[in-house]
Every structure is written in C-alpha cells, then in structure tokens.
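Heads up: the structure comes next, in structure tokens.
Since we're looking at a predicted model, the values are computed, not measured. Chain letters run A, B, ... following the sequence lines, proteins first and then strands; every chain starts at 1.
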Number of protein chains: 2
Amino acid sequence: MTLSDKNFAFVMHCGEMGSRWGFNRTIGQMCGLLIITKEPMTANEIADALSISRGNVSMGIKELQSWRLIKVQHIPGDRKEYYAPAGSIWDMANRVFEERKKREIDPTLSLLRDNLLEPATNDDEKFAQQQMHEIHDLLETVTKWSSELQRLSPEQLQSLMKLGSGIGKVLDFKDKILKKS
Amino acid sequence: MTLSDKNFAFVMHCGEMGSRWGFNRTIGQMCGLLIITKEPMTANEIADALSISRGNVSMGIKELQSWRLIKVQHIPGDRKEYYAPAGSIWDMANRVFEERKKREIDPTLSLLRDNLLEPATNDDEKFAQQQMHEIHDLLETVTKWSSELQRLSPEQLQSLMKLGSGIGKVLDFKDKILKKS
DNA sequence: CATTAATTTCATTATTTATTGAAACTTGAG
DNA sequence: CTCAAGTTTCAATAAATAATGAAATTAATG
C-alpha cells in the first residue's frame, strides 16, 4: 500500500509538526498516517509506508498508546496486531490537550504549591513569591477551566464553540442578570 | 548577586520545563530568572547566575525577544543593556500562547486549506480529505476562539475565568433565551 | 576619530535525542 | 512442548540541537 502524493505530503507535514505538538517526527508521521488511512494498519505496513525500522514503529506505538491516541485491533485468524486511531479527531485533540496539560502545567503547579507553603526569608524571596503566586493562580485558573470544558456535554461544548464572538455579549448579559438579583 | 536555594530551584525547574513550553532549557531558565528578579539584569549577570556563556545569553535574549517576553532598559550613564520581563505574568502567558498557536496550528491550517481546495482523485484521498476536513474545522474553531479571547476586555475575561463551573449554567440560560426569541 | 565597553556571530564542540537492527522475548497453533 | 510468527528491547550509531568562546561588530565616550 503506497500513499498518494497528497496524502504523503500530509503525513510528512505531521512529521514536521510532530515535535511542536509534543512528540517527535516519526510519531507525528505515524499519527497522521493512521488518521488518514481508512483501514487499521499493521506495524510492518507502517514501517513500510514511512520507510522506518520495525523497532522504531514499536517504540512509536508505545508512545502513541501512552497518549491514548491509538487502539489495537485483531482480525480473526490473523495473529498480527492492527492499529487505528482511538477515537474521533475531536477525541484525539482532547487527549493531546489533556496529556500536554499534564506535562506542561501540572509539574509547575506542584512545584509552586510547595514553594508557596514555605515562608519567604528575605526580600528577594518575597518578591519571587509574589510572582510565583501570580503564576500559580494563572495555572490554577487554566486547570480549572480545562477540567470544566471536559465536563461539559458535547452539545454544550458545541453550543459554546459556535458562540464565537457572541461570548462577550453573553457575558455582559450574565453580569446584568447577576447585578439585578 | 546569587539566588537563594528556593529561587534557584524555581529557575532550574523553569529550565526543565523549557522545552515543554516551546523553548529550550537555557531559555526557560532565563525566563524564570528574569521573572523572579525584581531588578532588570544585564546579560553578564544572567550568564553568571546561570553559569552559562555570554554568547549563549545573547542567543537566548534574541529568542526571548522574538517571543516578545522581555524588554530592554537603559540606566543613564551606563551603557549596558538591562533586561526585564515585557509585561505581567498574564501578558507573558498570552504571548506564549499566541506564539505557540502561530507555530503549532497556523502552518497545519494553511496546509489543510490548500489540500482541501484540490479535488480527491480516488477513494483513499476521499477518505483522507474527510479526516482533514474535520481537523481543519477543529483548528479553525480553536483559532476563532483564541482570537475571540484576545478581543475580550480584561474585565470580561476575568468574569469569564471566574465563571468556572458556572459556564454550563450560563450556556443553558443562553439557549433558553435564544429559543424564546 | 580613536578607544573601549558591550554585544553579536558563528565555527567548533558537547549534549541530547532519535533510529537502527539483531537478539530476546511473547504468544498462539499444532 | 516446539515451532514460528510477531513484538519488544536495547546497545550501538546517527542525527539534531544546544553551548562555548574567540573574533567580528556595534556603539557610546571623550
């Protein structure tokens, strides 16, 4: 199975972007490949399509599984493993978002919490703590929000998404209501 | 000027996180250092504090400027350049967010747009285009939203942020209103 | 305009990260 | 249990990325 030029270009683009999205080139390519391929693929097919070693594919699969982006399927009478995206595009974007929050925000939040528990012992530390406090609050807000978004029903989410520039108006509206009551 | 243990630990943490935030270790450290240091610092002070070469600091400054995270200040009668964060914590987070959108989303959106203009020439391409279409729409929504958030006044933003779990209720409320009218 | 303090550049070197492929391991079938 | 198809591991190697520091450049001062 060979990719058409256009599809190949997309897969290569995913490779280029890979490291910006949180993984590396190969894993970006694998992810892109599995997304645009209708049928689940075997590890060997992936290796062939991308001209990379079998071992590298194995690593990549492990990584993609740790991101919960792919799932394994079996075909009766065939002992090979077939890989496919673990959900819709939306699901996958969500997973990447969640996973990146875990890697990019949580560790810092934890460090800041620890730091802010101890009292500052001089002026430098006092100023530093003020700054850290601001960062802490910002990250907490982001965290609260992302978990809030996770909790919304798909319909609510869609409603929110479609809102777009309407969000400002809804906010003003809400504020008015709250002031009255 | 030497850092206290706690402040040093914070700076080193910023280094560890650096690559996850979109830059590299040194630049993460520089960023953290400038944030928790009350007074603007010279390039040499930065190099000393982090035990890195002067040249490396120069590179880092250039990079941090390209992210619009730091600004240069001058002290009368002193020809050295003094560096300081370019805004509040909130400003900086926003800049990072914006810049990352530019690097992580825009190029893909552009590729997808181009791809979707050309008609698919076979079934594989047809399926691939469906998937790309979904990705495209998702990224467009994200883009629209982030620019929407940029446009909100600070008060509106704060109001939105504080909303937290209230967002669901506001949405339901909005839907009710819309249905009535 | 010469001096010199300060900054930037960039070829070289060091470090980190990714890839290969052969060997070890796992697993299902006979 | 044995075989063979399939997968994983990991030491060795390759590739990419970052850091150094000396030389070149810039710019303020008298």
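- Computed from coordinates, the A:Ile75 CD1 to D:dA5 P distance equals 18 Å when rounded to whole Å.
- At distances below 3.5 Å, at least one donor-acceptor pair connects side-chain atoms of A:Asp91 with backbone N or O atoms of A:Ser88.
- A sub-4.0 Å separation between OP1 or OP2 of C:dT19 and a side-chain N or O of A:Thr26 is present.
- Across the protein-nucleic acid pair, A:Ile27 atom CD1 and D:dA16 atom C1' stand 16 Å apart, rounded to whole Å.
- Across the protein-nucleic acid pair, B:Phe23 atom CZ and D:dT17 atom C1' stand 17 Å apart, rounded to whole Å.
- When each of B:Gln65 and A:Ser53 is assigned the nucleotide of DNA chain C with its nearest heavy atom, B:Gln65 is the one assigned upstream, toward the 5' end.
- Remark: C1' of D:dA19 and CE of B:Met30 are 13 Å apart, rounded to the nearest angstrom.
- Minimum atom distance to the side chain of A:Ser58 is reached by D:dT8, of the listed D:dT8, C:dT20, C:dT8.
- Between the base of C:dT4 and the side chain of B:Arg79 there is a donor-acceptor pair shorter than 3.5 Å.
- Taking each heavy atom of A:Thr108 and B:Trp21 in turn, the nearest pair found is OG1-CZ2, 3.3 Å.
- The side chain of A:Asp78 has D:dG6 as its nearest neighbour among C:dT8, D:dG6, C:dT20.
- A:Met59 places its CE atom 10 Å from the P atom of C:dA18, with the value rounded to the nearest Å.
- B:Lys62 has no side-chain polar atom (N or O) that falls below the 4.0 Å cut-off from OP1 or OP2 of C:dT7.
- Computed from coordinates, the B:Arg20 CZ to C:dT17 P distance equals 10 Å when rounded to whole Å.
- Mapping A:Ser19 and A:Gly55 onto DNA chain D by nearest heavy atom places A:Gly55 at the nucleotide closer to the 5' end.
- The overall bend of the helix from C:dC1-D:dG30 to C:dG30-D:dC1, read as the angle between its terminal helix axes built from five base pairs each, is 20° when rounded to 10 degrees.
- Phosphate contact (OP1/OP2 of C:dA6, side-chain N/O of B:Thr42, threshold under 4.0 Å): absent.
- Within the 3.5 Å criterion, the main-chain N or O of A:Ile35 finds a donor-acceptor partner in the side chain of B:Gln131.
- In this structure, B:Arg54 does not reach the D:dG21 phosphate: none of its side-chain N or O atoms is under 4.0 Å from OP1 or OP2.
- Side-chain contact annotation: B:Asn7 with A:Glu125, donor-acceptor N/O pair under 3.5 Å absent.
- No side-chain donor-acceptor contact under 3.5 Å links B:Arg103 to the backbone of A:Arg20.
- The interatomic distance linking B:Ile46 (CD1) with C:dT7 (C1') rounds to 13 Å, in whole Å.
- Residues B:Glu45 and B:Lys80 are not paired through a salt bridge, judged by the lack of any N-O separation under 4.0 Å between the basic side chain and the carboxylate.
- If you check every strand for non-hydrogen atoms under 4.0 Å, B:Ile52 touches sugar and phosphate atoms only.
- Close to C:dT15, at under 4.0 Å from its OP1 or OP2, lies no side-chain N or O of B:Asn24.
- A straight line from CG of B:Asn56 to P of C:dA14 spans 15 Å, rounded to a whole angstrom.
- A donor-acceptor pair is defined here as one N or O able to donate and one able to accept, closer than 3.5 Å; no such pair exists between the side chain of A:Gln150 and the backbone of A:Asn94.
- A donor-acceptor pair is defined here as one N or O able to donate and one able to accept, closer than 3.5 Å; no such pair exists between the side chain of A:Arg95 and the backbone of A:Leu69.
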